[in-house]
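The structure appears below as structure tokens.
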Amino acid sequence: MAAVAALTLSACGKGGTSGGGGNTNFVTGNNGVDTVPQGKRDAAPDLSGRTIDGKTLDVAAYKGQVVVVNVWGSWCSPCREEAQYFAKVSKQYEGKGVEFVGINTRDTSTTPAVNFEKEHGITYPSLYDPTGKLMLRFKKGTLNPQLIPSTLVIDKHGKVAARALEALDDTALLKMLKPVLAEK
């Protein structure tokens with residue numbers, strides 16, 4: 001099972017399908033974004049550890065705010081395509097109840113990750129997850145990050161509200177973010 005998960009997580013491409021059977025409570029929209037109604041969401045797993053710049057970060061500290069989590073790697077060309085949009089939207093929403101966090105994966109050292117963020121104007125922190133352990137903390141059958149890039153929106157209560165399994169531009173990112181931000 002872990003080998004299958006590792007293979008799935010190492011994919012880098014556009015689009016994807018949702019895994020898991022049974023009643024998952026999530027609905028795939030026509031833009032490739034899966035969403036879960038407010039009362040049926042699963043709590044985000046522990047997303048904490050060292051960042052690519054050596055600091056410590058715990059996403060649970062952002063409870064009460066909406067958190068956009070972007071899973072990326074410096075080696076991933078769709079990640080390079082979407083980085084400009086994440087930089088732009090994160091600056092637009094600074095101080096407006098939204099935190100952005102990256103999860104850098106499959107980079108063998110933090111050097112290419114740090115360079116990637118500098119090159120693309122990413123100013124928010126990224127957890128360093130070279131082996132994909134953080135991604136494996138998401139339960140099967142929930143909105144989990146199955147591909148690179150993946151983006152998750154965690155609601156103000158620490159629950160996963162939306163997921164995209166493809167590179168996003170600013171319009172698609174805002175379509176995911178705005179409804180969750182508007183929730184009471």
Quick one: side chain to side chain contact (heavy atoms under 4.5 Å, CB included) partners of [X], sequence neighbours excluded?
X    : result
S74  : W72, D107, P112, F116
R41  : V36, Q38, D155, K159, A161, E183
A162 : V33, T35, V153, M176

### Task
Decide side chain to side chain contact (heavy atoms under 4.5 Å, CB included) for V68 and V101; before the verdict, give the C-alpha distance in whole Å, the side-chain angles of both, and the deciding distance to 0.1 Å.
CA-CA 6 Å; V68 176; V101 174; over 6 Å; no
Closest non-hydrogen atom pair between [X] and [Y], with its separation:
X    : Y    : result
L168 : E82  : N-OE1, 2.9 Å
N144 : G141 : ND2-N, 4.1 Å
I148 : C79  : CG2-SG, 3.8 Å
L181 : G97  : CD1-O, 3.9 Å
L173 : Y85  : CD2-O, 4.3 Å
R106 : G132 : NH1-N, 3.7 Å

### Query
Tell me the salt bridge (charged side-chain N to carboxylate O under 4.0 Å, His left out) pairs involving residues 55-80, sequence neighbours left out?
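For residues 55-80, and leaving out neighbouring residues, the salt bridge (charged side-chain N to carboxylate O under 4.0 Å, His left out) pairs sorted by first residue read D53-K55.
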### Query
Does the side chain to side chain donor-acceptor pair (under 3.5 Å) test come out yes or no for E117 and N104, once each step is laid out?
CA-CA 10 Å; E117 287 196 338; N104 169 258; over 6 Å; no
What pairs of donor and acceptor atoms, side-chain ones from residues 88-95 against any protein atom, are under 3.5 angstrom apart with sequence neighbours left out?
{"residue": "K88", "atom": "NZ", "partner": "D170", "partner atom": "OD2", "Å": "2.6"}
{"residue": "S90", "atom": "OG", "partner": "F86", "partner atom": "O", "Å": "3.1"}
{"residue": "S90", "atom": "OG", "partner": "A87", "partner atom": "O", "Å": "3.0"}
{"residue": "K91", "atom": "NZ", "partner": "G121", "partner atom": "O", "Å": "2.8"}

Side-chain contact, heavy-atom cut-off 4.5 Å: [X] with [Y]?
X    : Y    : answer
L152 : P145 : yes
D46  : R137 : yes
L127 : I52  : no

### Message
Could you measure the distance from the OG1 atom of T51 to the OH atom of Y128? Nearest 0.5 Å is fine.
### Response
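OH of Y128 is found 12.0 Å from OG1 of T51.
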### Query
Rounded to the nearest 0.5 Å, what separation is found between the CG atom of L47 and the OH atom of Y62?
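That separation rounds to 11.5 Å.
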### Query
With sequence neighbours excluded, what pairs up with D129 under the side-chain hydrogen bond (donor to acceptor under 3.5 Å, both in side chains) test?
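Counting only residues at least two positions away or on another chain, D129 forms no side-chain hydrogen bond (donor to acceptor under 3.5 Å, both in side chains).
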#### Entry: Hphob cluster co-occupancy, L143 + M135, side-chain heavy atoms under 4.5 angstrom
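They do share one cluster, since a chain of ILVMFWY contacts under 4.5 Å joins L143 to M135.
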### Query
Is there a path from Y124 to V114 through hydrophobic residues (I, L, V, M, F, W, Y) whose side chains come within less than 4.5 Å of each other?
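Different clusters: Y124 never reaches V114 through Ile, Leu, Val, Met, Phe, Trp or Tyr contacts under 4.5 Å.
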### Message
Under the criterion side chain to side chain contact (heavy atoms under 4.5 Å, CB included), I'd like the reasoning laid out for V160 against F138: C-alpha separation, chi angles, the key distance, then a yes or no.
### Response
CA-CA 10 Å; V160 183; F138 288 84; 4.1 Å; yes
### Query
Would R50 and T56 count as a side chain to side chain contact (heavy atoms under 4.5 Å, CB included) if you check the C-alpha gap in whole Å, the side-chain angles of each, and the deciding distance to 0.1 Å?
CA-CA 5 Å; R50 285 246 171 265; T56 305; 2.9 Å; yes
#### Entry: Test side chain to side chain contact (heavy atoms under 4.5 Å, CB included) applied to T151 and V69, step by step
CA-CA 6 Å; T151 302; V69 178; over 6 Å; no
### Flag for S150-R163: side-chain donor and acceptor within less than 3.5 Å
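No donor-acceptor contact under 3.5 Å links the two side chains.
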